[in-house]
Number of protein chains: 2
Amino acid sequence: MSGPRPFANALELLRNAGLRPTRQRLALARLLFDQGDRHVTAEQLHAEVLTASMPVSLATVYNALHQFVGAGLLREVVVNPGRSYFDTNVSDHHHFFLEDAGKLVDIPGDRIDVANVPAPPAGTAIRRVDVIIRVEREPA
Amino acid sequence: MSGPRPFANALELLRNAGLRPTRQRLALARLLFDQGDRHVTAEQLHAEVLTASMPVSLATVYNALHQFVGAGLLREVVVNPGRSYFDTNVSDHHHFFLEDAGKLVDIPGDRIDVANVPAPPAGTAIRRVDVIIRVEREPA
DNA sequence: TTCTGTTTTAGAACTATTCTAATCTGTTGA
DNA sequence: TCAACAGATTAGAATAGTTCTAAAACAGAA
């Protein structure tokens with residue numbers, strides 16, 4: 001009865017995804033989905049859930065993140081070698097990547113046009129189009 | 001006097017980039033630039049240079065790849081967490097990424113249109129726009 | 001409750017990459 | 001030509017992020 005959430009609560013969200021609503025997954029789902037759109041790394045989320053006095057192991061954080069991606073609740077964004085971001089916004093959109101700060105900023109799908117996409121190589125089908133606009137601190 | 005190369009030879013290419021033309025860098029530059037456009041990982045290039053009976057340490061391969069990127073001879077493409085690709089095509093273009101095979105395929109810059117790019121966040125300037133079209137083996 | 005399959009966990013293992021400190025090499029200038 | 005020095009290379013250790021393993025804990029069904 002308060003925020004604009006796609007599901008009534010984390011429990012229902014997990015049930016809909018066919019994931020058993022364990023304490024750990026509930027805690028993680030709440031952190032991820034009870035705020036607006038977020039871009040988190042596994043380490044960040046792990047730190048948050050520990051701070052929230054709900055100890056969850058790092059392995060479980062990774063497991064849950066991947067299960068959420070598999071269930072379409074989360075999207076993995078790759079911008080940096082050796083570190084994955086998980087995006088709670090799974091609608092059609094793209095990203096600014098602030099290289100200095102290591103931060104992602106959403107660009108709504110309708111705020112950018114990608115046209116004339118050539119046909120994919122023979123025997124393959126397009127799964128997704130990712131546009132990443134890398135920005136840097138403006139030279140003084 | 002044979003192939004279509006942007007520089008007469010690896011030696012001149014390194015000199016122009018302000019890099020001392022050592023044996024190792026010459027060997028790597030030849031492998032990278034004497035063929036057409038390539039997308040290699042550090043490990044792949046290391047394996048190639050060893051096969052070519054010119055032992056070069058992995059650390060040197062990484063050093064050289066980064067120096068080549070810094071000199072604008074190479075471009076780093078990030079599509080996978082935990083593995084970098086280096087692209088010898090530094091002109092304006094984009095990529096198909098064949099997820100099953102882990103292969104990159106160039107899309108010439110003029111074969112795709114990215115329009116209406118929104119203004120970058122305050123205080124930042126666009127450094128590069130990357131379009132990655134992820135494709136998968138066509139479902140049978 | 002008890003049972004069963006799933007989930008969680010600590011810690012080890014793994015992969016890609018970077019660092020370190022010693023050795024070597026290319027270039028410069030005498 | 002050669003000495004000297006800055007820069008480059010190297011093996012191996014170290015690091016970061018992630019995945020794996022095997023054992024213990026748990027959720028849900030009966």
Side-chain angles (χ1 to χ4, degrees), chain A residues 10-31 39-50 52-71 73-74 76-86 102 104, chain B residues 9-31 39-50 52-71 73-74 76-87 102 104:
Chain A
L11 192 118
E12 190 183 336
L13 178 136
L14 290 175
R15 286 244 170 81
N16 285 4
L19 295 168
R20 193 190 280 186
T22 61
R23 273 184 288 115
Q24 292 85 340
R25 294 209 270 232
L26 283 166
L28 294 170
R30 277 191 282 262
L31 286 171
H39 303 93
V40 294
T41 65
E43 295 278 2
Q44 276 168 21
L45 186 60
H46 186 229
E48 280 184 30
V49 80
L50 292 191
S53 66
M54 172 67 206
V56 172
S57 77
L58 188 54
T60 297
V61 172
Y62 276 105
N63 288 342
L65 286 172
H66 289 143
Q67 291 151 354
F68 292 179
V69 168
L73 300 174
L74 227 47
E76 190 171 357
V77 183
V78 181
V79 284
N80 248 357
R83 178 173 242 100
S84 276
Y85 289 79
F86 294 87
L104 284 166
Chain B
N9 52 46
L11 192 120
E12 191 184 333
L13 177 136
L14 290 175
R15 287 245 169 79
N16 284 5
L19 294 169
R20 193 191 281 187
T22 62
R23 274 185 287 114
Q24 293 84 340
R25 295 210 271 231
L26 283 166
L28 294 171
R30 278 192 282 261
L31 285 171
H39 303 93
V40 294
T41 64
E43 294 278 2
Q44 276 168 22
L45 187 60
H46 186 229
E48 280 184 29
V49 81
L50 292 191
S53 66
M54 173 67 207
V56 172
S57 78
L58 188 54
T60 296
V61 172
Y62 275 104
N63 289 340
L65 285 172
H66 289 143
Q67 291 150 354
F68 292 178
V69 169
L73 300 174
L74 228 46
E76 190 172 358
V77 183
V78 181
V79 285
N80 250 356
R83 177 173 242 99
S84 276
Y85 289 79
F86 294 87
D87 187 349
L104 284 166

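Below, read A as the first sequence line, B as the second, and so on, with proteins coming before strands; counting in each chain starts at 1. Reckoned from all heavy atoms, side chains included, excluding hydrogens, waters and symmetry mates.
For the residue pair A:Glu43 and A:Leu58, the shortest heavy atom distance occurs at OE2-CD2, 4.1 Å. Between A:Val61 and A:Ala42, the closest heavy-atom pair is CG1-O, 3.7 Å. Across all their heavy atoms, A:Val56 and A:His46 have their closest contact at O-NE2, 2.9 Å. Among all heavy-atom pairs drawn from A:Leu104 and A:Val79, the shortest one is CD2-CG1, 4.0 Å. The heavy-atom pair separating A:Pro21 from A:Leu26 by the smallest distance is O-CD1, 3.8 Å.
Rounded to whole Å, atom P of C:dT7 lies 11 Å from atom CZ of A:Phe68. Rounded to whole angstrom, the span from the CG atom of B:Leu28 across to the C1' atom of D:dT10 amounts to 14 Å. Taking atom CG on A:Leu65 and atom C1' on C:dT8, their separation rounds to 15 Å, with Å as the unit. Between A:Gln67 atom CD and C:dT6 atom P the separation is 12 Å, expressed in whole Å. Between A:Arg25 atom CZ and C:dT6 atom C1' the separation is 8 Å, expressed in whole Å. Spacing between atom CG of B:Leu58 and atom P of D:dA8 amounts to 18 Å, rounded to whole angstrom units. In this structure, A:Leu11 atom CG and D:dA27 atom P are separated by 12 Å, rounded to whole Å. Rounding to whole angstrom units, CZ of residue A:Phe86 and P of D:dT18 are separated by 7 Å.
At C:dT9, one or more side-chain N or O atoms of A:Gln24 fall inside 4.0 Å of OP1 or OP2 (strictly under the cut-off). Residue A:His66 places none of its side-chain N or O atoms closer than 4.0 Å to OP1 or OP2 of D:dT18. Considering only side-chain N and O atoms, B:Tyr62 lies nowhere under 4.0 angstrom from the phosphate OP1 or OP2 of C:dT18. Distances shown here put every side-chain N or O of B:Ser57 at or beyond 4.0 Å from the OP1 or OP2 atom of D:dT9. Within the 4.0 Å cut-off from OP1 or OP2 of D:dT9, at least one side-chain nitrogen or oxygen of B:Thr22 is found.
Nearest to the side chain of B:Ala42, among D:dT18, C:dT8, C:dT17, sits C:dT17. Closest to the side chain of A:Asn63, from the set C:dG26, C:dT8, D:dA8, is C:dT8. The side chain of B:Arg83 lies closest to C:dT15 when the candidates are D:dC20, C:dT15, D:dT9.
Comparing B:Arg20 and B:Val56 against DNA chain D, the residue whose closest nucleotide sits nearer the 5' end is B:Arg20. When each of B:Tyr85 and B:Arg15 is assigned the nucleotide of DNA chain C bearing its nearest heavy atom, the one mapping closer to the 5' terminus is B:Tyr85. Annotation: of the two residues near DNA chain C, B:Thr41 and A:Pro55, the 5′-most nearest-nucleotide partner is A:Pro55.
As judged by a 4.0 angstrom heavy-atom cut-off over every strand, A:Ser84 is placed among residues touching the sugar-phosphate backbone only. Note on A:His46: nothing from the nucleic acid sits closer than 4.0 angstrom, heavy atoms only. Note on A:Pro21: only backbone sugar-phosphate atoms sit closer than 4.0 angstrom, heavy atoms only; bases stay farther off.
Residues A:Val78 and B:Val78 form a side-chain contact, since some pair of their non-hydrogen atoms from C-beta on lies under 4.5 Å apart.
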